[in-house]
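The next block holds one structure in the form of structure tokens; read it before the comments.
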Amino acid sequence: MPYNCAVIVREIWDTRDLVGTVLKEDGGLNEAVLTTRFEPEDLNALEMALQLKDKQGGKVTAISVGQPRNVDVLRECLYRDVDAVVRVDVPSVKDFDTATLARMIANTAQKAGPFDLILAGLDIVDGENSLLGTHVAASLGVDAVTYVDALDEIAPGRVVCKRQIENGSEVVETKLPALLVVGVALLKDDPRTPRSAKATLKLKHKKTPIPVSTLQDLGIGDPASLKTTVLAGYEGIPQRVIESKQVDPNDEPSLKSMLDDIRRGG
Amino acid sequence: MSELLVYIEVNENGITDLSLQCLAKGAELAKKNGWKVGGLVLGAGVKDCAKEVIAYGADTVYLADDARLKSFVPSAYQRVLTGFLKQKNPGMVIFPATTRGNDLAPLIASELDLACALDCQNTDWESGKFFSRRSEFDGKVATKYSASGSRGLVTSLKDGVADSGTADAARTGQTVPVEVVLNENDLATKVLKREVVKSTVNLKAAKIIVTAGAGIGTKENFALVENLARAFGGEVGATRPVVDAGWTTADRQIGQTGVTVKPDLYIACGVSGAVQHRVGMMMAKKIVAINTDAAAPIFKFAHYRIVGDLVDVIPKLLKLVK
Amino acid sequence: MIENFYSDNEDLKFHMEKMVDWKKIVQLKENLGSSDCNYENAEEALKTYLEMLQDPIGEIAAKRIAPRAAEVDKIGCAYENGEVKFPDGLKKNIQDLTDAQLMGITIPTRYGGLNMPKIFYVAATEIISRADASLMNFFGLQGIAETISVFASEELKQKYLPKMCSGEWTGAMALTEADAGSDLGAVMCKAEIDASQNPETGEWKIKGTKRFITNGCGDVILVLARSEDPQKYGGGRGLSFFIVPKTPAVKVRRIEHKLGIHGSPTCELYFDNAPGYLVGQRGRGLAKYTAWLMAAARLTVAAQAVGICQAAVAEAVKYANEREQFGKKIKEFSQVADMLIDMQVYTEAARTLLYVTSQIIDLQEGAEMRGIKEDERKYSKFADVLTPLAKYYACELCNKISSDAIQIHGGNGFTTEYPVERLYRDARITNIYEGTSQIQVNWAILRILKGDLDELFKELSGKRYAQADLNALSDKVRKSQEALKECVEFVKGKETEYRDVVAKKVCDIVVDLLVSYLFLAQAEKWDYKRKVAKKFIQDALPRIELNRQYVLSGNGLELDILNQQDSPVAAGSR
């Protein structure tokens with residue numbers, strides 16, 4: 001039996017291996033030194049939806065907020081064979097807090113739906129104040145299951161999934177429609193690994209127009225009125241300086257001297 | 001008088017340590033701004049916790065003790081909490097930044113139109129307002145969040161936010177029951193199975209930790225890591241993928257969804273050093289990393305970098321340690 | 001962390017973005033403006049090509065294929081009960097390439113392919129080979145589908161291409177036999193057809209043994225077999241080309257145990273009256289179709305070699321940056337730095353020749369497709385010399401560079417703990433298969449002596465630069481070019497034997513001159529390349545002089561060393 005899914009996808013700062021300072025003299029974010037990427041947990045969520053579609057049929061719709069910066073996440077979704085995409089037509093996500101973004105996405109999902117499942121990645125990304133998926137669930141009034149790392153079973157009206165919790169895991173059943181906040185720790189060659197783009201879809205969708213929803217379409221008059229949380233500023237965190245030493249594993253004396261150093265508490 | 005509220009998480013082992021840290025933080029802030037501290041305790045058979053919560057610094061305990069709250073069903077907990085908090089119009093609600101706290105905080109903030117800041121390292125009272133700080137941008141920047149307008153703030157705080165303190169049995173306080181009204185819809189979500197290991201280790205107290213990451217590749221190699229830990233007289237830790245793969249129990253998980261540790265010596269075997277793990281161990285005094293990939297991020301903050309296959313390296317270390 | 005094998009490779013990016021005449025290639029390949037064209041204009045096509053090199057190709061290569069390479073090499077392919085068993089990692093690699101729809105890159109879209117130019121396919125092959133050189137022997141077998149696409153009947157194309165493009169069927173080419181290696185005219189495998197059948201469309205029966213067949217366990221095998229009466233049409237003229245689908249009559253007898261490319265099964269096949277279908281015309285199997293297929297295969301092997309060079313340089317640089325001795329990083333030692341510089345410069349040199357050749361082949365094939373006779377003639381003349389030269393050069397270099405990568409690693413490099421020994425083993429086949437280096441040199445020298453590159457040299461040497469230093473270097477190279485003229489004239493006047501002895505030296509002179517000019521052209525567009533050009537030309541000029549003297553010496557082989565009565569070797573052979 002087919003199920004229809006919506007997936008929330010985000011373009012976020014790529015903060016891996018940041019070198020040097022991220023802040024400008026005036027305390028603002030130095031965006032020039034930053035790049036962006038497709039939120040990896042959102043890709044995991046997308047993969048979960050696509051695998052469900054491969055198995056059961058149904059449609060996958062990707063929803064995103066704001067104009068792309070470097071990576072057009074919605075186009076990337078088309079390259080991975082989603083059936084529909086919608087962009088909330090605002091210039092930049094940076095102007096909004098999580099609650100406001102959630103309202104925009106919830107209203108979009110209501111318009112583009114109905115959906116049996118809405119999936120979102122788990123991460124609270126840099127510059128976001130809260131778990132977007134949970135806020136969307138609250139806005140839609142559906143139950144959310146968070147920290148989901150596998151979808152065990154889906155049947156008319158209900159879904160069973162496994163979620164990670166402290167010191168273990170839970171198997172949770174909830175009613176449809178539901179929102180799943182997906183957080184997957186991938187192992188080597190994990191079957192849950194997100195798929196790459198498909199070549200023929202890249203040809204097909206390179207210029208496919210991406211449908212947009214304006215705030216007016218979504219019935220949002222003044223987004224500023226939805227804002228609950230203020231990003232009050234950035235402070236540099238002093239970085240720990242580590243004196244690092246290379247130890248050759250094939251050289252017994254250097255391994256030994258490392259162990260001696262450690263024993264001396266050095 | 002205004003009241004600062006702290007959600008107290010109770011699980012199979014009683015009140016969690018992080019809840020007590022949050023309570024201590026709440027008490028510290030209350031001292032600053034003269035507010036009272038209220039503890040929120042929800043669950044089934046949790047009555048006895050009230051005394052302990054008071055002993056650890058709460059002025060009042062708001063207690064919802066109901067059989068229907070036995071399993072953690074977010075919608076049910078949300079219903080009870082919002083029903084109560086609606087009347088309170090709280091200026092600040094603190095949650096421990098756990099899966100549970102991070103579930104509840106946004107649900108409540110969303111329903112009550114409060115501000116929300118999750119996974120923060122700290123929260124503080126500065127010139128008449130609460131600010132929560134979260135480490136962002138690869139640990140380089142603390143981003144400050146506060147409530148817009150006169151709203152209250154809901155925040156979740158991470159392990160290490162405060163010392164969990166000591167109980168003062170002489171402290172007195174009030175226990176106020178919270179009404180539990182739930183409909184069928186609130187209980188539509190069901191926990192079918194819960195597998196939680198009882199913590200057998202106290203990684204936080206360990207002086208030496210040897211950790212296995214996804215790079216170990218097989219369960220057999222986990223035994224190798226265990227041997228190394230034994231030889232050093234330390235404990236075994238693991239990253240989340242290793243726990244997910246079932247190679248060890250979840251109580252050994254270090255990092256974002258596990259514990260935060262500060263041992264004297266930390267030996268990371270096959271650990272790539274993703275930020276999710278790093279937050280749990282970066283304050284270790286000495287870090288030794290063994291990894292085949294010389295470009296692995298772990299080498300950026302390891303004191304000793306050993307590029308090599310742990311299958312070859314560990315036996316060599318074992319020989320030398322013995 | 002290495003995340004993408006396209007976007008982390010600045011030199012490859014430079015070639016793709018700056019050094020290719022995409023406008024012309026796209027126009028020829030895609031017939032812009034026609035109704036079945038995928039693109040509005042050349043820019044759009046280029047943008048799509050480059051994006052695709054990054055994702056899926058560079059992405060899959062770095063994140064999926066490369067991490068499996070050591071295991072694929074260690075486990076290798078096995079042969080049990082008449083079946084070839086692939087290691088799990090290889091199965092996953094093939095699945096990933098299939099999922100990403102990368103198995104029909106150059107095939108027209110109507111058969112399920114991507115209709116992309118050859119240079120794109122070559123770049124993709126370089127990237128995949130860098131991740132796992134042995135996987136080239138699956139990915140790089142797209143030339144088989146392409147051969148079908150170019151020469152087979154519409155019916156055969158409809159039947160085979162869609163499933164080959166989708167990755168459902170893999171291919172193999174069965175040319176070599178035990179006694180027909182470099183000399184394919186000696187092929188004995190027989191093809192017969194019942195007189196009642198139409199030879200063009202009917203079912204032939206193939207009988208005989210083939211050896212060294214890469215992926216011989218594949219689903220679609222192109223077989224070179226003797227279809228004509230040897231009394232009437234002997235040697236190569238009696239050979240035709242057949243598609244032989246996998247049936248029980250195609251038996252894998254064994255697989256080879258090899259030094260390298262363990263992730264590629266090399267099979268011995270026995271065709272037991274296996275049904276086969278004629279490709280193209282009878283009797284043209286060797287001269288036309290095999291030649292075409294081999295040219296395509298040479299280019300892919302050259303790409304494989306460049307991929308190995310890239311992997312070796314990356315590993316060596318990484319190690320030299322990490323490894324400390326005497327209190328400093330080893331790359332700070334001059335001898336190590338010197339090796340690293342050479343490795344990088346010569347990787348870039350091999351890449352330069354590879355992509356110039358690929359581009360010329362695209363221009364040639366495009367001109368042929370669009371019926372532009374003059375261009376076709378011109379570029380095909382260039383391509384026939386450049387293809388063997390590019391293969392020879394890249395494959396010899398990848399042996400040297402992977403060996404140097406081990407040297408940089410010291411004793412560690414000699415162990416299986418580091419990937420460089422695998423690269424070194426994998427490199428070793430590149431200058432053997434699809435025509436040994438010696439065969440490539442034989443091909444190239446004939447055409448060089450005929451003057452087939454004169455026009456290209458004229459274009460390259462006539463180029464003037466805005467920067468004085470580039471002109472000065474160009475002048476030096478031009479002066480050195482006299483050596484080539486001298487050598488060619490000298491060799492032309494000599495007998496064949498002498499020509500064969502010095503052929504390699506002449507080819508070396510040609511390559512040094514070509515690459516020198518091409519680096520200068522690159523230097524115009526990327527400041528960094530000025531250093532590369534300068535360094536390369538510094539090396540090349542004395543090398544050219546040395547080779548010139550060798551060629552002009554007139555000294556033939558000292559055959560007595562092998563044959564004279566008291567020669568120790570002669571004694572040993574008795």
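The model shown is predicted, which means the values in this text are computed figures rather than measured ones. The figures that follow rest on heavy atoms only: side chains count, while hydrogens, waters and symmetry mates do not. Every chain is numbered from 1, with letters handed out A, B, ... down the list of sequences.
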Return yes if a side-chain donor-acceptor contact under 3.5 Å exists between [X] and [Y], otherwise no.
{"X": "T189(B)", "Y": "E173(A)", "result": "no"}
{"X": "N102(B)", "Y": "T146(A)", "result": "no"}
{"X": "E47(A)", "Y": "T193(A)", "result": "no"}

Thinking salt bridges, do [X] and [Y] make one under a 4.0 Å N-O criterion?
{"X": "E243(A)", "Y": "R305(B)", "answer": "no"}
{"X": "D113(B)", "Y": "R151(B)", "answer": "yes"}
{"X": "K245(A)", "Y": "D261(A)", "answer": "yes"}
{"X": "R278(B)", "Y": "D138(B)", "answer": "yes"}
{"X": "R10(A)", "Y": "D123(A)", "answer": "no"}
{"X": "R134(B)", "Y": "E128(A)", "answer": "no"}
{"X": "R79(B)", "Y": "D186(B)", "answer": "yes"}
{"X": "D103(B)", "Y": "R100(B)", "answer": "no"}

Atom group of [X] that falls short of 4.5 Å from chain A, counting heavy atoms:
{"X": "S156(B)", "value": "neither"}
{"X": "D309(B)", "value": "neither"}
{"X": "L114(B)", "value": "backbone"}
{"X": "T143(B)", "value": "both"}
{"X": "V321(B)", "value": "both"}
{"X": "F299(B)", "value": "backbone"}
{"X": "E111(B)", "value": "neither"}
{"X": "K319(B)", "value": "side chain"}
{"X": "L107(B)", "value": "both"}
{"X": "A147(B)", "value": "both"}
{"X": "R133(B)", "value": "side chain"}

- Distance under 6.0 Å and angle within 45° of the ring axis: does R37(A) meet both against W13(A)? no
Which one, [options], leads in non-hydrogen pairs under 4.5 Å with chain A?
{"options": "R194(B), K140(B), E195(B), K190(B)", "value": "K140(B)"}
{"options": "I287(B), V307(B), D264(B), L153(B)", "value": "V307(B)"}
{"options": "A214(B), G308(B), G215(B), S75(B)", "value": "S75(B)"}
{"options": "S110(B), P241(B), A142(B)", "value": "A142(B)"}
{"options": "A250(B), A117(B), C116(B)", "value": "C116(B)"}
{"options": "G217(B), S146(B), G149(B)", "value": "S146(B)"}

Quick check on [X] against chain B: is it the side chain, the backbone, both or neither that has a heavy atom closer than 4.5 Å?
{"X": "Y234(A)", "result": "both"}
{"X": "L255(A)", "result": "both"}
{"X": "V184(A)", "result": "backbone"}
{"X": "Q239(A)", "result": "side chain"}
{"X": "V160(A)", "result": "side chain"}
{"X": "L131(A)", "result": "both"}
{"X": "N250(A)", "result": "both"}

Greatest number of heavy atom pairs closer than 4.5 Å to chain B - which of [options]:
{"options": "A144(A), A137(A), G183(A)", "answer": "G183(A)"}
{"options": "K175(A), R158(A), K162(A), R103(A)", "answer": "K175(A)"}
{"options": "D190(A), D248(A), L29(A)", "answer": "L29(A)"}
{"options": "I237(A), T174(A), I242(A)", "answer": "I237(A)"}
{"options": "D126(A), T98(A), T15(A)", "answer": "D126(A)"}
{"options": "V22(A), T21(A), V125(A)", "answer": "V22(A)"}

- Decide yes or no for V259(B) and Q253(B): does some side-chain heavy atom of the first lie under 4.5 Å from some side-chain heavy atom of the second?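 Contact flag for V259(B)/Q253(B) side chains = no.
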- Item | side-chain contact (heavy atoms from CB on, under 4.5 Å) assessment of R69(A) paired with L34(A) | CA-CA 11 Å; R69(A) 287 168 275 175; L34(A) 292 165; over 6 Å; no
- Message: Taking the ring centre of each residue, are Y145(B) and F131(B) less than 6.0 Å apart?
- Response: no
- Query: Taking atom NZ of K316(B) as the centre, does the number of heavy atoms from other residues, nucleotides or ligands within less than 6.0 Å exceed 12?
  - Reply: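 It does: K316(B) NZ has more than 12 such atoms within range.
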- Task: Check the pair K193(B), E170(A) against salt bridge (Lys or Arg N to Asp or Glu O under 4.0 Å), reporting the backbone distance first and the verdict last.
- Result: CA-CA 6 Å; K193(B) 199 165 100 187; E170(A) 281 180 345; over 6 Å; no
